[in-house]
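One structure below.
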Amino acid sequence: MIRVTENLRKIRDLLSQAAVDAGRDPDTVALVAVSKKQPLERLRAAIAAGHKDFGENQVLEGVEKIELLADEALTWHFIGHVQTNKTRAVAEHFQWVHSVDRFKTARRLSEQRPEALGELNVCLQVNVDAEASKSGVAPDALIELASQVVELPRLRLRGLMCLPMIRSGFEAQREPFARLRELATELRDQGIETDTLSMGMSDDFRAAIFEGATIVRIGTAVFGPRTTA
């Protein structure tokens, strides 16, 4: 039996301790529970334990869960690659998108966001390791993209996100997160204010918190192994 409530408590304690060790207020670090490929009863267990923020990376699966849990006051984060033909569904159902890496995508999200839903919070995904297999804007193209996105209506540029390559050792893990933090500083120097660094997962959240993560994304440590359904 998967003990979601107990898992959540353990993860929250670990996040709080990491923040304290980094000299930060634990309340400045939020947890997005990554619920992709997880059965609905596990999400309901997390909700019963007081959790409100969930992350999905498949549009159809995410929309289905959002509709089935519409009676709950939840915040839904889209964390996967945004395909052009899925922007409308994302814009109409999610409150956050962590993975914008092209102006075309941002423009479509802006155009398709229902005004009644308010601004869609977006983060720009940065390919900090220049991996060909991963999405993300190149660091040297970030300022141009951010300058375009910040002007779009019905979007609110909140910050940056990254999915770095796997590294062993705490100090090595800190390197890409430090780079993302530096990029946020570069944006601020250009007059583009952000408040979010979405970085860190189950194996490296501690390093991310030491480098300023405000959102960490953790899935199986909360919900247990994913299903294939």
Side-chain angles (χ1 to χ4, degrees), residues 4 7-8 11-12 15 27-40 42-47 49-70 72-83 86-102 105-106 108-110 112-114 117-126 134-137 149 154-164 177 180 184 194-202 204-205 208-209 212-223 226:
V4 173
N7 291 346
L8 264 175
I11 291 297
R12 288 169 177 162
L15 297 182
D27 289 341
T28 63
V29 182
L31 168 65
V32 169
V34 179
S35 48
K36 63 180 181 180
K37 300 299 182 184
Q38 295 290 350
L40 210 62
R42 295 182 189 172
L43 276 73
R44 290 196 183 278
I47 294 166
H51 198 71
K52 300 294 186 183
D53 288 81
F54 296 90
E56 293 285 331
N57 71 349
Q58 297 292 330
V59 176
L60 296 181
E61 179 189 353
V63 168
E64 181 180 12
K65 287 176 180 173
I66 290 168
E67 292 176 346
L68 289 171
L69 295 170
E72 304 284 354
L74 305 178
T75 300
W76 292 93
H77 302 249
F78 190 75
I79 60 176
H81 177 65
V82 185
Q83 296 175 301
K86 301 288 178 61
T87 52
R88 183 175 296 278
V90 172
E92 291 178 348
H93 291 87
F94 290 82
Q95 288 83 48
W96 282 76
V97 181
H98 291 236
S99 45
V100 173
D101 62 358
R102 294 187 301 163
T105 300
R108 288 176 65 89
L109 290 170
S110 172
Q112 295 166 348
R113 178 69 170 178
L117 294 181
E119 292 179 317
L120 178 63
N121 298 293
V122 299
C123 293
L124 302 181
Q125 181 176 348
V126 183
K134 289 184 181 176
S135 301
V137 61
V149 172
R154 293 191 289 279
L155 297 187
R156 181 183 175 192
L157 178 59
R158 296 297 299 269
L160 307 178
M161 183 270 260
C162 69
L163 286 166
F177 301 136
L180 198 71
T194 60
D195 60 12
T196 301
L197 288 174
S198 172
M199 58 189 194
M201 297 187 291
S202 295
D204 57 12
F205 67 80
I209 289 171
T214 61
I215 293 177
V216 297
R217 310 177 306 272
I218 298 177
T220 54
V222 172
F223 295 112
R226 299 186 186 103

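In what follows, every heavy atom counts, from backbone to side chain, and hydrogens, waters and symmetry copies are set aside. Please read all numbers here as calculations on a predicted model, not as lab measurements.
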Short side-chain to backbone donor-acceptor contact, [X] and [Y], under 3.5 Å:
X    : Y    : value
T105 : V100 : no
H51  : L31  : yes
K36  : G55  : no

Any residue meeting salt bridge (Lys or Arg N to Asp or Glu O under 4.0 Å) with E92, in chain and number order, not counting sequence neighbours:
R88
Who are the salt bridge (Lys or Arg N to Asp or Glu O under 4.0 Å) partners of K52, not counting sequence neighbours?
none
Please verify the inter-ring angle class for W96 with H77; under 30° counts as parallel, over 60° as perpendicular, anything in between as tilted.
parallel
Are any non-hydrogen side-chain atoms of R154 and E119 less than 4.5 angstrom apart?
no
Taking only residues two or more places apart in sequence or in another chain, which ones pass side-chain hydrogen bond (donor to acceptor under 3.5 Å, both in side chains) with [X]?
X    : value
Q112 : T87
N7   : none
K65  : E56, E61
S135 : H81

If I compare all heavy atoms of G62 with all of F94, which pair ends up nearest, and what's the gap?
CA-CZ, 4.2 Å
Determine the minimum heavy-atom distance between E72 and I47, stating which atoms define it.
OE1-CG2, 3.6 Å
Consider only side-chain N and O atoms of T220 and R226, and report whether a donor and an acceptor are under 3.5 Å apart.
no
Worked check of side-chain hydrogen bond (donor to acceptor under 3.5 Å, both in side chains) between R217 and S198:
CA-CA 8 Å; R217 310 177 306 272; S198 172; 2.9 Å; yes
Please determine if R156 and D195 form a salt bridge, counting it only when a charged side-chain N lies under 4.0 Å from a carboxylate O.
yes
